[in-house]
Amino acid sequence: MAIILNLDIMMAKRKIGLNELSERIGITNANLSILKNNKAKAIRFSTLEAICRELKCQPGDILEYTNDNEV
Amino acid sequence: MKNEGYKVLSSFIKFIIIALLASDVVVMASLPWTLQWLMSVFYEGNIAIMYAFYMVILYIFGILMLFILNELRVIFNSVEKSDPFILRNVTALKRISKASMITCIIFLVKTFAVNSLMTMVSLFIFFIASLFCIVLAEVFRRAVEYKNDHDLTI
């Protein structure tokens with residue numbers, strides 16, 4: 001997938017665990033794991049907003065575009 | 001409450017399907033004797049040839065019905081578990097469609113050999129059922145795709 005979610009990097013920077021973040025943003029641990037492992041197909045604005053609010057960052061800090069065709 | 005009613009209904013239909021499966025097996029097992037008895041009562045003429053013809057047609061039909069009912073049981077099992085949008089159901093519907101089309105062809109053969117109004121009605125019903133199942137399989141396949149997308153939208 002061309003869009004990568006660097007959630008783990010931002011979580012490490014803010015020193016916050018998976019359980020704590022999932023509780024704060026109000027989604028299940030399993031769903032946050034899907035996001036963290038880049039298995040998700042889409043992300044809701046409400047989820048992105050909650051993540052940015054809790055991690056005190058911008059969407060651009062956790063979302064990254066890479067061209068799959070580039071070698 | 002609404003969900004409970006739906007579950008009770010799907011369980012009831014599953015029970016009917018299992019009862020039909022069992023009766024299908026019983027009818028197929030007793031077919032050589034019942035057919036002989038029926039033909040001796042209702043049929044006049046060369047019984048031996050017609051007996052063989054009906055035996056072949058009814059056994060193929062019985063096996064196909066067993067197959068269709070089993071696939072329906074699989075579908076209603078998943079409905080009972082509140083998870084009907086799975087790829088297995090798409091496969092089941094495609095199999096039912098193919099089995100219905102084969103049944104339709106068997107009835108078509110019977111129409112030319114021994115015609116009756118009931119055969120023609122059954123032929124038409126199985127033809128429509130086959131087309132219906134092809135479309136339903138495609139609808140289910142799309143539903144499975146949407147469900148997967150929805151499940152992976154966080």
Side-chain angles (χ1 to χ4, degrees), chain A residues 1-70, chain B residues 1-15 17 70-98 130-154:
Chain A
M1 191 104 155
I3 302 287
I4 296 171
L5 215 74
N6 291 319
L7 194 62
D8 43 355
I9 297 171
M10 196 48 76
M11 280 165 69
K13 275 184 188 172
R14 299 286 183 262
K15 293 186 176 62
I16 187 168
L18 202 73
N19 289 333
E20 194 186 343
L21 186 62
S22 66
E23 266 174 38
R24 280 202 205 170
I25 62 179
I27 65 172
T28 63
N29 215 326
N31 279 345
L32 194 60
S33 269
I34 291 170
L35 267 182
K36 197 170 146 265
N37 297 323
N38 282 304
K39 294 270 174 9
K41 281 196 175 180
I43 180 165
R44 288 192 185 90
F45 279 154
S46 57
T47 313
L48 191 60
E49 184 196 333
I51 291 171
C52 289
R53 186 187 63 230
E54 293 305 324
L55 295 178
K56 294 176 186 69
C57 63
Q58 290 298 314
D61 296 333
I62 47 174
L63 289 169
E64 187 190 333
Y65 169 74
T66 53
N67 196 341
D68 278 351
N69 298 325
E70 272 179 18
Chain B
M1 191 63 196
K2 202 177 174 184
N3 203 20
E4 282 298 308
Y6 153 86
K7 274 196 171 180
V8 168
L9 186 65
S10 56
S11 300
F12 177 65
I13 296 172
K14 206 184 106 185
F15 171 74
I17 289 170
N70 190 47
E71 293 298 330
L72 279 175
R73 190 187 56 82
V74 169
I75 292 174
F76 276 94
N77 251 342
S78 67
V79 172
E80 205 180 24
K81 287 174 191 160
S82 302
D83 187 24
F85 299 116
I86 49 173
L87 274 176
R88 177 66 183 86
N89 284 353
V90 178
T91 317
L93 282 167
K94 279 182 183 168
R95 283 176 181 172
I96 292 172
S97 166
K98 280 175 193 165
S130 176
L131 297 182
F132 206 73
C133 285
I134 296 173
V135 176
L136 263 182
E138 182 56 24
V139 169
F140 260 69
R141 197 188 58 74
R142 294 282 287 273
V144 171
E145 271 178 22
Y146 288 139
K147 184 183 169 286
N148 287 344
D149 274 358
H150 181 263
D151 284 352
L152 288 172
T153 299
I154 313 295

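The chains referred to below are lettered A, B, ... by the order of the sequence lines, with proteins before strands, and numbering in each begins at 1.
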| request: Determine the minimum heavy-atom distance between A/Ile3 and A/Asn38, stating which atoms define it. | output: O-OD1, 4.4 Å
| field | Nearest atoms (heavy-atom pairs only) where A/Ile16 meets A/Leu55 | value | CG2-CD2, 3.5 Å
| task | Compute whether any side-chain donor of one residue and acceptor of the other, for B/Ser10 and B/Glu80, lie under 3.5 angstrom apart. | result | no
| query | Just checking heavy atoms, which of residues 24-34 of chain A are less than 4.5 Å from chain B? | reply | A/Ile27, A/Asn31, A/Ile34
| field | Taking every non-hydrogen atom, the tightest pair across A/Asp61 and A/Cys57 | value | OD2-CB, 3.4 Å
| Heavy-atom pair of closest approach, residues A/Cys52 and A/Gln58 | SG-C, 3.8 Å
| query | Which members of residues 144-154 of chain B, sorted by number, sit under 4.5 angstrom from chain A on a heavy-atom basis? | reply | B/Asp149, B/His150, B/Leu152, B/Thr153, B/Ile154
| Closest heavy-atom contact between B/Cys133 and B/Ser97? | CB-CB, 3.6 Å
| query | Pick from A/Leu48, A/Asn6, A/Leu7: which one makes a side chain to side chain contact (heavy atoms under 4.5 Å, CB included) with A/Leu63? | reply | A/Leu48
| query | In terms of side-chain geometry, is the basic nitrogen of B/Glu71 or B/Arg88 positioned less than 4.0 Å from the acidic oxygen of its partner? | reply | yes
| said: Within this structure, what is the NZ-CZ distance for the pair B/Lys94 and B/Arg141, rounded to the nearest 0.5 Å? | reply: 7.0 Å
